[in-house]
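Since the model is a prediction, treat every value here as computed from it, not as a measurement. Proteins come first, then strands; the chains are lettered A, B, ... in the order of their sequence lines, and each starts at number 1.
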Amino acid sequence: MFNKRIRIKELLAQAPTGQEVVVMGWVRSFRNNQFIALNDGSTNNNLQVVVTLGSQDDDLIKRITNSASLKITGTLVPSLGKGQKMDLNASMIEILGDSDAEKYPIQLKNRPSLEFLREVAHLRFRTNTFGSVFRVRHALAFAVHKFFNDKGFVYMHTPIITGSDAEGAGELFKVTALPFDNTPRNDKDEVDFTKDFFGKATNLTVSGQLEGELGATAFGDIYTFGPTFRAENSNTTRHLAEFWMIEPEMAFYDLEDNMNLAEEFIRYIIKYAIDNNREDLEFLAQRLADEEKQLPQDKRSEMGLMEKLGFVLNNNFERITYTEAIDILRESNHNKKKKFQYPITGWGMDLQSEHERWLVEKHFKKPVILSNYPKEIKAFYMRQNDDEKTVAAMDILAPGIGEIVGGSQREERLDKLEARMKEMHVPSEELWWYLDTRRFGTVPHAGFGLGFERMVQFVTGMTNIRDVIAFPRTPGSAEF
RNA sequence: UCCUGCUUAGCUCAGUUGGUUAGAGCAUCUGACUGUUAAUCAGAGGGUCGUAGGUUCAAGUCCUACAGCAGGAGCCA
């Protein structure tokens with residue numbers, strides 16, 4: 001019977017009145033042959049277990065090593081020491097699993113680096129930092145579902161394997177059941193995918209949006225939350241080959257409705273994490289503050305993590321159009337002193353990340369929603385504005401992370417959509433099903449995609465995206 | 001993919017202008033101690049200096065290539 005155990009988080013909330021309890025967890029430290037700091041993953045706070053001298057066999061004491069797993073029965077009493085409210089006086093200690101101290105790779109006293117912990121990602125959850133990060137990640141994921149569920153959205157599972165490469169977002173991972181050493185060939189000596197498992201070339205999804213639109217034009221409001229794959233050779237602190245994306249899609253929404261929802265959504269999930277995981281966030285805030293002490297003054301954040309999150313909750317995002325952004329950039333002293341590596345050449349240029357960072361981090365100092373971009377630099381499905389130069393797109397840029405949301409009002413007018421697809425060489429035959437939504441009861445609609453890991457980065461203050469997903473997939477790396 | 005930097009003990013790092021047997025802290029092991037809080041104290045073991053070449057009387061140190069990692073850029077979420 002393991003179910004008698006009480007989680008340490010619950011236990012620490014109780015009054016220690018000599019009650020008998022059973023706890024199970026992993027040894028974080030064993031001091032003085034007498035004090036076990038036991039952690040069970042429910043909180044970073046350890047339970048101090050007191051082993052009375054001579055009450056246990058020496059053999060058993062020797063097996064209480066770093067990360068060994070224990071079952072302990074004892075009585076909960078007020079602590080005689082200063083570091084904690086209560087002690088568990090152990091009456092029975094059972095070793096569930098030994099941990100060879102010479103081989104266990106993580107010595108907490110050594111302050112192992114994040115880079116090293118990535119190499120032992122299977123064990124890094126047993127550290128305070130990753131304990132906090134992944135509990136917060138869970139809270140954010142749960143809040144995503146709660147937010148949309150409470151608003152009556154339908155959670156839609158869009159396919160992981162897709163048969164079209166027309167989505168136009170990045171390099172694709174191919175999915176095939178063909179043998180690599182003897183692929184069937186057609187008369188043009190190309191690989192003959194009609195012989196493949198699905199009878200056509202298939203890939204891992206780069207976005208559920210197009211399928212999401214099919215749902216939205218029936219249910220009204222849907223969202224997806226699933227894995228997404230990009231075979232881009234990106235080696236940065238904010239890109240993964242496999243990441244999780246949330247893509248709501250709403251019928252009867254215009255661009256402004258879309259922006260309002262995105263902003264409300266981001267605020268909601270941040271607030272949920274603060275309300276439910278304040279301790280973890282405070283721990284991460286302290287960790288970040290300690291880390292930033294190593295940095296030169298000009299690279300440190302102006303706000304601590306908790307302040308930053310509070311600020312986002314209490315201040316509206318700045319909303320400007322692309323055209324206004326270009327004007328602000330052009331008129332800025334930063335530009336006039338020629339401090340941008342990429343000059344502001346004028347309307348129509350694509351913004352470089354240094355421009356976005358300057359707008360967000362130096363000029364507005366808060367999240368910014370940029371909207372109505374030139375149609376030339378955006379995707380085919382975005383709704384064309386009346387000026388015939390711009391589309392109803394919007395990106396939300398967050399300090400320190402960059403683009404966290406990309407979305408748009410979708411082009412619901414069949415003739416305009418088909419014309420744009422032709423101009424951009426998007427094969428409309430392959431997307432016949434997508435165009436059908438515009439043929440049969442088309443409606444104004446909009447949606448956005450939010451990169452979940454980037455959101456987790458923003459909330460936890462972790463600077464590398466590989467430290468907010470359990471087992472990161474990046475170019476050259478798919479361990480675990 | 002491009003640019004820059006890094007790679008020395010299990011971890012985090014020193015290592016001078018190229019010059020004896022490559023160091024420290026922590027971890028580990030052994031012992032001591034016992035109300036500790038990253039416990040403490042004493043002792044011990046632990047290294048093909050990323051890999052392969054090259055220069056030199058002599059290379060951890062200089063040069064070349066490659067690999068891995070990190071940061072920045074591009075692409076994007």
Show me the donor-acceptor pairs within less than 3.5 Å that the side chains of residues 454-467 of chain A make with the rest of the protein, sequence neighbours left out.
{"unit_1": "A:Arg454", "atom_1": "NE", "unit_2": "A:Arg238", "atom_2": "O", "d": "3.1"}
{"unit_1": "A:Arg454", "atom_1": "NH1", "unit_2": "A:Glu403", "atom_2": "O", "d": "2.8"}
{"unit_1": "A:Arg454", "atom_1": "NH2", "unit_2": "A:Arg238", "atom_2": "O", "d": "2.9"}
{"unit_1": "A:Gln457", "atom_1": "NE2", "unit_2": "A:Thr237", "atom_2": "O", "d": "3.4"}
{"unit_1": "A:Gln457", "atom_1": "NE2", "unit_2": "A:Met462", "atom_2": "O", "d": "3.4"}
{"unit_1": "A:Gln457", "atom_1": "NE2", "unit_2": "A:Thr463", "atom_2": "O", "d": "3.2"}
{"unit_1": "A:Thr460", "atom_1": "OG1", "unit_2": "A:Val456", "atom_2": "O", "d": "2.7"}
{"unit_1": "A:Thr460", "atom_1": "OG1", "unit_2": "A:Met462", "atom_2": "N", "d": "3.3"}
{"unit_1": "A:Asn464", "atom_1": "OD1", "unit_2": "A:Arg466", "atom_2": "N", "d": "2.9"}
{"unit_1": "A:Arg466", "atom_1": "NH2", "unit_2": "A:Thr236", "atom_2": "O", "d": "3.1"}
{"unit_1": "A:Asp467", "atom_1": "OD1", "unit_2": "A:Arg118", "atom_2": "NE", "d": "2.8"}
{"unit_1": "A:Asp467", "atom_1": "OD1", "unit_2": "A:Arg124", "atom_2": "NH1", "d": "3.3"}
{"unit_1": "A:Asp467", "atom_1": "OD2", "unit_2": "A:Arg118", "atom_2": "NH2", "d": "2.8"}

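- Applying the salt bridge (Lys or Arg N to Asp or Glu O under 4.0 Å) test to pairs two or more places apart or on separate chains, those with a residue in residues 34-57 of chain A are A:Arg5-A:Asp40.
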Inset, instruction - Toss me the dot-bracket line for RNA chain B: Watson-Crick and G-U wobble, both under 3.5 Å, 5' to 3', using | for pairs to another strand and [ ] for crossers. - result: (((((((..((((.....[...)))).(((((.......))))).....(((((..]....))))))))))))....
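- Computed from coordinates, the A:Leu53 CG to B:C33 C1' distance equals 10 Å when rounded to whole Å.
- When the P atom of B:U36 is taken as reference, atom CD1 of A:Ile64 falls 19 Å away, rounded to whole Å.
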Side-chain donor-acceptor contacts of residues 254-261 of chain A below 3.5 Å, not counting sequence neighbours, with atom names and distances?
{"unit_1": "A:Asp254", "atom_1": "OD1", "unit_2": "A:Glu256", "atom_2": "N", "d": "3.1"}
{"unit_1": "A:Asp254", "atom_1": "OD1", "unit_2": "A:Asp257", "atom_2": "N", "d": "2.9"}
{"unit_1": "A:Asp257", "atom_1": "OD2", "unit_2": "A:Asp254", "atom_2": "N", "d": "2.9"}
{"unit_1": "A:Asn258", "atom_1": "ND2", "unit_2": "A:Ser408", "atom_2": "O", "d": "3.4"}
{"unit_1": "A:Asn258", "atom_1": "ND2", "unit_2": "A:Gly447", "atom_2": "O", "d": "3.0"}
{"unit_1": "A:Asn260", "atom_1": "OD1", "unit_2": "A:Arg319", "atom_2": "NH1", "d": "2.9"}
{"unit_1": "A:Asn260", "atom_1": "OD1", "unit_2": "A:Arg319", "atom_2": "NH2", "d": "2.9"}
{"unit_1": "A:Asn260", "atom_1": "ND2", "unit_2": "A:Glu256", "atom_2": "O", "d": "3.4"}

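- Atom CG in A:Leu172 sits roughly 14 Å away from atom P in B:C76 (whole-Å rounding).
- The phosphate of B:A39 has OP1 or OP2 within less than 4.0 Å of a side-chain N or O from A:Arg31.
- Annotation: proximity of residues 240-247 of chain A to RNA chain B (heavy atom, distance under 4.0 Å) is found for A:Leu240, A:Phe243, A:Met245, numbered in ascending order.
- Following rounding to the nearest Å, A:Lys378 (NZ) and B:C75 (P) show an atom-to-atom distance of 11 Å.
- Following rounding to the nearest Å, A:Ile266 (CD1) and B:A77 (P) show an atom-to-atom distance of 14 Å.
- Take A:Lys378 and apply the side chain to side chain donor-acceptor pair (under 3.5 Å) test, not counting sequence neighbours, and it matches A:Asp395.
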Please list each protein N or O that sits under 3.5 Å from an N or O in nucleotides 65-70 of chain B, with the distance.
{"unit_1": "B:A70", "atom_1": "OP1", "unit_2": "A:Arg118", "atom_2": "NH1", "d": "2.7"}
{"unit_1": "B:A70", "atom_1": "OP1", "unit_2": "A:Arg466", "atom_2": "NH1", "d": "2.8"}
{"unit_1": "B:A70", "atom_1": "OP2", "unit_2": "A:Arg466", "atom_2": "NH1", "d": "2.8"}

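- The residue among A:Thr463 and A:Asn233 whose nearest nucleotide of RNA chain B lies closer to the 5′ end is A:Asn233.
- Note: NZ (A:Lys103) to C1' (B:C29) measures 14 Å, nearest angstrom.
- With sequence neighbours left out, A:Arg7 forms a side chain to side chain donor-acceptor pair (under 3.5 Å) with no residue at all.
- Near RNA chain B, meaning a heavy atom under 4.0 Å from it, residues 34-44 of chain A has A:Gln34, A:Phe35 in order of number.
- Every residue was checked against the salt bridge (Lys or Arg N to Asp or Glu O under 4.0 Å) condition with A:Arg126, not counting sequence neighbours, and none meets it.
- What separates CG of A:Leu108 from C1' of B:G10 is a distance of 14 Å, to the nearest Å.
- Mapped onto RNA chain B by nearest heavy atom, A:Phe116 and A:Arg111 fall at different nucleotides, with A:Phe116 at the one closer to the 5' end.
- The distance between atom CD of A:Gln341 and atom P of B:C3, rounded to the nearest whole Å, is 14 Å.
- Taking the salt bridge (Lys or Arg N to Asp or Glu O under 4.0 Å) definition, one finds that A:Asp350 meets it with nothing, sequence neighbours left out.
- Relative ring orientation between A:Phe225 and A:Trp244 is described as perpendicular, the plane-to-plane angle rising above 60° on a 0-90° scale split at 30° and 60°.
- Under the salt bridge (Lys or Arg N to Asp or Glu O under 4.0 Å) criterion, A:Glu411 pairs with A:Arg413, sequence neighbours left out.
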